[in-house]
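See structure below.
Please read all numbers here as calculations on a predicted model, not as lab measurements. FYI, side chains are in, hydrogens and waters are out, and symmetry mates aren't considered; it's all heavy atoms of this structure.
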Amino acid sequence: MRFTHRLTLIVALLAATLPIPVAVAAAAPQAALAQIEERVYVESSVDSNGDGRLDRIAIDIARPSSGGPVPVVFEQSPYRNGLANAANHGVNVTALPQENLFPLTPGAPPTAGPGLNAARPVPDLPDWYDDYFVPKGYAVVLGHSLGTGDSEGCPTSGDMQETLATTAVVDWLNGRARGYSAAGALVTASWSTGNVGMIGVSYNGTLPNMAAATGVAGLKAIVPISAISSWYDYYRANGLVVAPGGYQGEDADVLARAVVDRTGCTSRIDQIETDQDRITGDWKQFWADRDYVGKADKVTAGVFVIHGQSDWNVKGQHYAQWWDALRANNVPRKIWLHNGGHGTTSRSDYKATVERWFAYFLKGVDNGILTEPRAEVQFKDGAWRQYADWPNPAAAPAVFKLDTTSATAPGGLTLGTPSGTTAQQFTDNGRTSTATTLVANPDTANGNRLVYRTGNLPAAVTLTGSPRVSLRLAVTNRNDANVTALLVDYGGTGTSTTPVIVTRGWIDPQNRNSRATSEKVVQGTEYTLTFAMQPKDYVFAAGHRIGLVVISTDYDYTLRPPAGAGLRLNPVASTLTITQTGLTGSGSCRASNPADVAIPDAGAAVESTVTISGCPAAASASSTAEVHIVHPYRGDLVVSLVAPDGSSYSLSNRSGGSADDIHQTYTVNLSGETANGTWRLRVQDAASSDVGRIDTWTLTLGP
């Protein structure tokens with residue numbers, strides 16, 4: 001709808017009301033259909049282009065022409081004037097750029113490949129807001145993000161300047177900021193109650209997350225759709241430069257160049273290019289400035305998350321980590337995960353449910369929306385399932401071990417004790433193969449990947465949340481390499497079912513201990529790489545097999561070096577953990593904890609816990625504790641198992657001398673113990689000079 005420029009003359013503001021019964025709300029007269037449309041320029045608190053003048057943010061307003069003050073539905077966007085062509089970075093490199101961080105072997109510095117001159121498509125922005133919400137008694141505000149459209153300043157790709165330019169609009173709607181007409185006259189929002197709800201898709205959905213993470217007063221509710229929660233996880237992954245799906249080579253600077261609508265921003269965007277660091281891939285202040293997960297404790301708005309499970313542009317990690325942070329801070333929340341890609345759901349009740357969310361938080365309508373199931377998930381068959389929370393609280397972790405008896409043949413995944421522990425090697429195929437090609441033919445050896453499969457599943461298994469892998473791996477002939485894990489749905493043995501890559505994850509071995517710090521990779525030295533794949537709710541059908549495929553370069557996401565990097569995987573201490581329902585044989589008398597626990601040098605004992613519940617028998621005389629501890633001097637360690645009643649069982653008392661790590665299964669007579677309860681693995685470093693961590697452990701109390 002076209003917006004004209006008119007001047008608002010009213011100056012009063014009204015406070016928010018408390019929730020009122022639905023019956024009372026229904027009796028209120030509906031707002032008149034006529035709309036007032038106007039353009040206002042809101043003065044922000046930032047000077048992003050350094051011209052000595054506070055940037056003004058353009059907003060277009062549609063509101064009822066009569067009736068009392070109304071709440072506001074607000075969408076901020078950098079796409080009001082479309083996108084310019086901006087060349088992406090080259091991704092075909094002569095070597096991974098981080099290989100030269102440590103002077104291990106001499107060589108020429110890497111050279112970037114040619115840039116790809118591809119524009120990012122304009123998202124399918126919803127244009128229904130004013131038509132839908134204004135007749136229901138809301139005003140609609142469409143804002144132009146910093147440095148884009150008709151707003152002043154320079155785009156800053158998600159940092160606090162862009163955030164404050166957005167919250168300035170909320171401030172103006174609450175009488176805390178100044179607004180001007182095109183002629184420069186002061187304009188106030190006396191027609192606004194001050195209660196604001198934000199909504200948007202993609203970047204437009206990220207801006208609500210950004211604003212909510214400031215705790216700005218008056219922002220009562222947000223609906224972030226396909227939204228980013230941390231820009232590091234949009235352009236990086238555990239130290240690797242990783243592209244959003246479909247946009248290889250894009251980065252924060254490319255996005256800024258695509259949306260900018262102002263001159264004088266070249267140096268600002270050049271600084272973004274420098275600070276984003278496509279060499280190390282490390283988490284730095286640049287990314288901390290663009291992270292909202294760590295600021296979730298400031299969120300006071302109710303958050304209704306909508307995201308597609310097949311969205312590989314804004315990957316699922318964004319909704320998962322945002323949701324976890326909101327839960328930890330008791331933020332009122334709701335989540336819909338549909339089975340589509342980048343965009344919103346096609347549910348017939350989508351608009352009505354969004355309006356109910358806004359009605360509760362902006363109008364105080366007690367419509368019961370917070371008493372409904374908190375999570376709704378759509379599966380690939382189109383059916384929706386309702387859960388009390390997400391991931392499905394009824395699901396349980398299952399820890400698969402890698403089982404290999406051959407250096408070359410495909411291996412297995414087992415919930416029991418592996419029959420073989422043979423190390424396997426493969427060679428990176430670089431830029432010459434896609435992941436789809438590499439996961440094919442799972443029962444045939446392939447020197448460019450490693451594959452591990454379960455047997456045919458006796459019943460359907462439903463995955464929820466983020467699968468996690470722990471890989472004991474060495475790079476044998478290079479200073480570094482990409483590492484990619486793929487979770488694959490394979491048909492039954494002997495069938496020709498096309499494999500489905502369910503989800504994937506990536507890591508840089510240099511960032512094995514921290515995404516913030518690159519550490520030297522010594523050729524041939526094994527390291528434990530523990531990382532999560534993207535979350536997914538997915539059903540593996542009965543008769544299918546769950547597969548784990550390990551490759552190096554992921555053609556569609558990572559940088560693409562030449563082929564030839566050699567990688568060796570040791571199945572001992574390598575695991576795949578999924579949270580699921582439907583698996584049998586994992587046993588209710590068995591539990592694992594894959595979370596890392598730091599072991600301080602010569603310090604106090606630390607503990608990692610597991611809880612056994614529903615175990616139908618007492619603990620067995622042949623119970624086992626499978627322990628994986630990363631430590632450079634195992635002879636320093638005192639390791640014990642502590643039962644729920646406080647009884648302690650010694651597993652290792654400073655044994656093993658100067659050898660590194662503990663990867664061992666201990667058989668323990670626990671026949672005198674009750675199985676159900678909280679069990680603790682207690683570890684103390686009893687000497688100085690070294691630190692380590694509990695990597696993962698599994699307790700099995702059955703025979």
Set of side-chain contact (heavy atoms from CB on, under 4.5 Å) partners for [X], sequence neighbours left out:
X	value
N593	A595, S608, V610, W697
T497	T495, H544
T274	Q271

Donor on one side chain, acceptor on other, [X] and [Y], under 3.5 Å:
X	Y	value
T462	D537	no
D685	H631	yes
T553	D428	yes
Q248	N88	no
S229	Q321	yes

Task: Check: G566 main-chain N/O paired with N477 side-chain donor or acceptor under 3.5 Å - done: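 Looks like yes, one N/O pair under 3.5 Å.
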Task: Heavy-atom donor-acceptor pair, R560 side chain to Y555 backbone, under 3.5 Å - done: yes
Open item on the list: Using 30° and 60° as the class boundaries, would you call the ring planes of W506 and Y557 parallel, tilted or perpendicular?
Closed with: tilted
Open item on the list: So which atom in A237 and which in V242 form the shortest heavy-atom distance, rounded to 0.1 Å?
Closed with: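 Residues A237 and V242, closest heavy atoms: CB-CG2, 3.7 Å.
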TODO: Output all residues satisfying ring-ring contact (aromatic ring centres under 6.0 Å, His included) with W322, sequence neighbours left out; order by chain, then residue number.
DONE: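 Once residues adjacent in sequence are excluded, W322 has no partner under the ring-ring contact (aromatic ring centres under 6.0 Å, His included) criterion.
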- [ ] Identify, with sequence neighbours excluded, every residue that meets salt bridge (Lys or Arg N to Asp or Glu O under 4.0 Å) alongside K380.
- [x] none
- [ ] Look at D661 together with R693 and state whether they make a salt bridge at an N to O cut-off of under 4.0 Å.
- [x]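 Judged by the 4.0 Å cut-off on N to carboxylate O distance, D661 and R693 do not form a salt bridge.
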Task: Close aromatic pair by centroid cut-off 6.0 Å: Y232 and Y234 - done: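 Judged by ring-centre distance (under 6.0 Å), Y232 and Y234 do not meet the cut-off.
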Quick one: side chains of residues 653-660, donor-acceptor pairs under 3.5 Å with protein atoms, not counting sequence neighbours, listed by atom name and distance.
unit_1 : atom_1 : unit_2 : atom_2 : d
R654   : NE     : G635   : O      : 3.2
S655   : OG     : S652   : OG     : 3.0

